[in-house]
Amino acid sequence: MKIRLMCSMILYVIILAAFSPVYAIPDVEIPQMSTNQMDMVFFNVPHGEASLLTNYQGEHILVNTASKKSQKTLFENLSKLQVDKIETIIITNQSEEYTGNLLYFIEHYQVENVIVPSNMNVQSLEEDVTIQKWKLDDQFQLWDELALRTLDETKDGDISFLMEYGQESILFLNDKDTAIERKLMNQTVDVDILKVAAFGSGNSPSQRFLEKIDPYMGIIFPSQTHRINESLIERLNATWIDVYFLKQSGTVFVRLNKDDYEILTENSSVSSLHR
């Protein structure tokens, strides 16, 4: 059973609005990766969602590309991480906050594969890029021990999926309404990390769903257009989840093993080790 060595209480980092958000990659020492490890980076950008997966072979997968307003920040952060090629891009939502830099990355990062919602128009994408479309109950085996499983697709094509690496799991929730939870109840158990939908502006996850999936950590990306649902935050608080508001905590690094994960940031007060 996993024990939370630090952050036994809710990590609810609030910085006064007078402080300007810092978008640069934190000066954190990243240990060398071994063969059974993988890194997940949740980027703090001005607007939108973007997350980077990296394996020990130096291959990269980008989950969403954030808004065009975030292009400079993403470029600077990827340069600091010495990323000049991204093998696969995964798109979960067709809104500009998720796809704003898709063409930019395809043109500048030697992208080979793109996974997109089933109803997304892909005519503008380059012909030499392999396009795959999400289908319900699809499973994508991306790397050894790393698989994605489609859980739900909204009428607008927003995809919620479960990412599994060994025994570790990350739920990318992309429907802010609680109606989705009836379906997910039977498909998910014991999630380690929850990416909250719609920048924390919706009603999901409900208390009942949180108790069902029992995540250790929650991620809320920054948005310039969505207002955080305070009742949702109170609910997350009451459930004892370590919630990372990226606008305040900054970019978050997670080092995953197949049965464990460790959080690395520049501030030890927001680091925790799970075993």
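R208 contributes no side-chain N or O that, together with a main-chain N or O of E181, makes up a donor-acceptor pair within less than 3.5 Å. Judged by distance alone, with hydrogens and angles left aside, the side-chain atoms of R149 form no donor-acceptor pair with the main-chain N or O of D138 at under 3.5 Å. When atom types are taken as modelled, the side chain of N257 and the backbone of Y261 share no donor-acceptor pair closer than 3.5 angstrom. Without hydrogens or angle criteria, Q71 side chain to S67 main chain gives no donor-acceptor distance under 3.5 Å. Side-chain atoms of T65 come within 3.5 Å of backbone atoms of Y98 as a donor-acceptor pair (strictly under, hydrogens ignored). D156 places no side-chain N or O within 3.5 Å of a backbone atom of D158 that could act as its donor or acceptor partner. Under the 3.5 Å distance criterion, the side-chain polar atoms of N64 are left unmatched by any main-chain donor or acceptor of A66. Under a 3.5 Å cut-off, the side chain of D39 and the backbone N or O of F253 do not form any donor-acceptor pair. Side-chain N or O atoms of E97 include none that pairs as donor or acceptor with a backbone N or O of T99 at under 3.5 Å. The backbone N or O of K133 lies less than 3.5 Å from no partner atom in the side chain of S118, so there is not a single donor-acceptor pair.
Put simply, the residue from H47, E96, Q224 that forms a side chain to side chain donor-acceptor pair (under 3.5 Å) with K69 is Q224. When each of L102, V116, N101 is tested with I89 by the rule side-chain contact (heavy atoms from CB on, under 4.5 Å), just one qualifies, namely L102. The one candidate from L232, V196, L236, N237 that meets the side-chain contact (heavy atoms from CB on, under 4.5 Å) condition with V243 is L236.
With rounding to the nearest 0.5 Å, the separation of CG in D175 from OG1 in T92 is 11.5 Å. Distance CD/Q167 to CG/L256: 12.5 Å, rounded to 0.5 Å. Atom CG of residue N174 and atom CG of residue D152 lie 9.5 Å apart, to the nearest 0.5 angstrom. Annotation: the span from I241 atom CD1 to Y216 atom OH amounts to 11.5 Å, rounded to 0.5 Å. The structure places CG of D214 at 11.5 Å from CG of L194, a figure rounded to the nearest 0.5 Å. Note that CD1 of I159 is 3.5 Å distant from CD of E153, once rounded to the nearest 0.5 Å.
N119 and Q94 are linked by a side-chain donor-acceptor pair at a separation below 3.5 angstrom, with hydrogens and angles left out of the test. Judged by distance alone, the side chains of E234 and S231 never bring a donor and an acceptor atom under 3.5 Å apart.
The aromatic ring centres of F161 and F172 sit less than 6.0 Å apart. Aromatic pair Y165/W143: centroids not less than 6.0 angstrom apart.
When all heavy atoms of G48 and V45 are compared, the closest pair comes out as O-CG2, 3.4 Å. The two residues S201 and H226 have their closest heavy-atom pair at OG-CD2, 3.5 Å. Between F42 and F221, the closest heavy-atom pair is CD2-CZ, 3.8 Å. Across every non-hydrogen atom of P31 and L264, the tightest pair is CD-CD1, 3.7 Å. What you find for L162 and V191 is that their closest heavy atoms are CD1-CG2, 4.2 Å. Residues Y244 and S249 come closest through the heavy atom pair CD2-OG, 3.8 Å.
Two residues are said to be in side-chain contact when any heavy atoms from C-beta on lie closer than 4.5 Å; F105 and V114 fail this criterion. Residues I180 and L173 are in side-chain contact: their nearest non-hydrogen atoms beyond the backbone lie under 4.5 Å apart. Annotation: side chain of E49 is in contact with side chain of K195 (closest heavy-atom distance under 4.5 Å). M120 is listed as a side-chain neighbour of I91, based on a closest heavy-atom distance under 4.5 Å. Counting only heavy atoms from C-beta outward, the side chains of M40 and I170 approach each other to under 4.5 Å. In this structure the side chain of N44 reaches within 4.5 angstrom of the side chain of P222, judged on heavy atoms. L142 has its side chain within reach of I61: a pair of non-hydrogen atoms, C-beta onward, lies under 4.5 Å apart. Side-chain contact between I90 and W134 is present, with heavy atoms from C-beta onward closer than 4.5 Å.
Listed by chain and residue number, nothing satisfies the ring-ring contact (aromatic ring centres under 6.0 Å, His included) test with F209 (two or more places apart in sequence, or in another chain). Residues forming a salt bridge (charged side-chain N to carboxylate O under 4.0 Å, His left out) with K135 (at least two apart in sequence, or on another chain): none.
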| said: I'd like to know whether I233 forms a side chain to side chain contact (heavy atoms under 4.5 Å, CB included) with I228, so could you lay out the CA-CA distance, the side-chain angles of the two residues, the decisive distance to 0.1 Å, and finally the verdict. | reply: CA-CA 8 Å; I233 303 309; I228 288 180; 3.3 Å; yes
| request: Please assess L246 against V252 for the test side chain to side chain contact (heavy atoms under 4.5 Å, CB included), listing each intermediate value before the final yes or no. | output: CA-CA 7 Å; L246 300 186; V252 171; 3.6 Å; yes
| query | Given the rule in the side-chain hydrogen bond (donor to acceptor under 3.5 Å, both in side chains) test, do D177 and N203 qualify, once you have shown the distances and angles that lead to the verdict? | reply | CA-CA 6 Å; D177 295 324; N203 295 314; 5.0 Å; no
| task | Mind running side-chain hydrogen bond (donor to acceptor under 3.5 Å, both in side chains) on T73 and E76 for me, showing each step along the way? | result | CA-CA 5 Å; T73 299; E76 293 173 347; 5.2 Å; no
| said: Between E168 and E164, is the side chain to side chain contact (heavy atoms under 4.5 Å, CB included) condition met? List the steps. | reply: CA-CA 6 Å; E168 301 301 298; E164 296 175 301; over 6 Å; no
| Under the side chain to side chain contact (heavy atoms under 4.5 Å, CB included) criterion, do M217 and I263 qualify, and how do the steps go? | CA-CA 10 Å; M217 173 182 178; I263 303 172; 3.5 Å; yes
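The environment of CD in Q82 is sparse: at most 12 heavy-atom neighbours from other residues, nucleotides or ligands sit within 6.0 Å. No more than 12 heavy atoms of other residues, nucleotides or ligands shown are found within 6.0 angstrom of CZ on F75.
By the criterion of side-chain heavy atoms lying less than 4.5 angstrom apart, applied directly or through intervening Ile, Leu, Val, Met, Phe, Trp or Tyr residues, F140 is grouped together with M38 in one hydrophobic cluster. Cluster annotation: L136 and L151 are assigned to distinct hydrophobic clusters (Ile/Leu/Val/Met/Phe/Trp/Tyr, side-chain heavy-atom contacts under 4.5 Å, transitive). L62 and L81 fall within a single hydrophobic cluster, where Ile, Leu, Val, Met, Phe, Trp and Tyr side chains are chained together by heavy-atom contacts under 4.5 Å.
A salt bridge links K85 with E112; the closest basic N to acidic carboxylate O contact falls under 4.0 Å.
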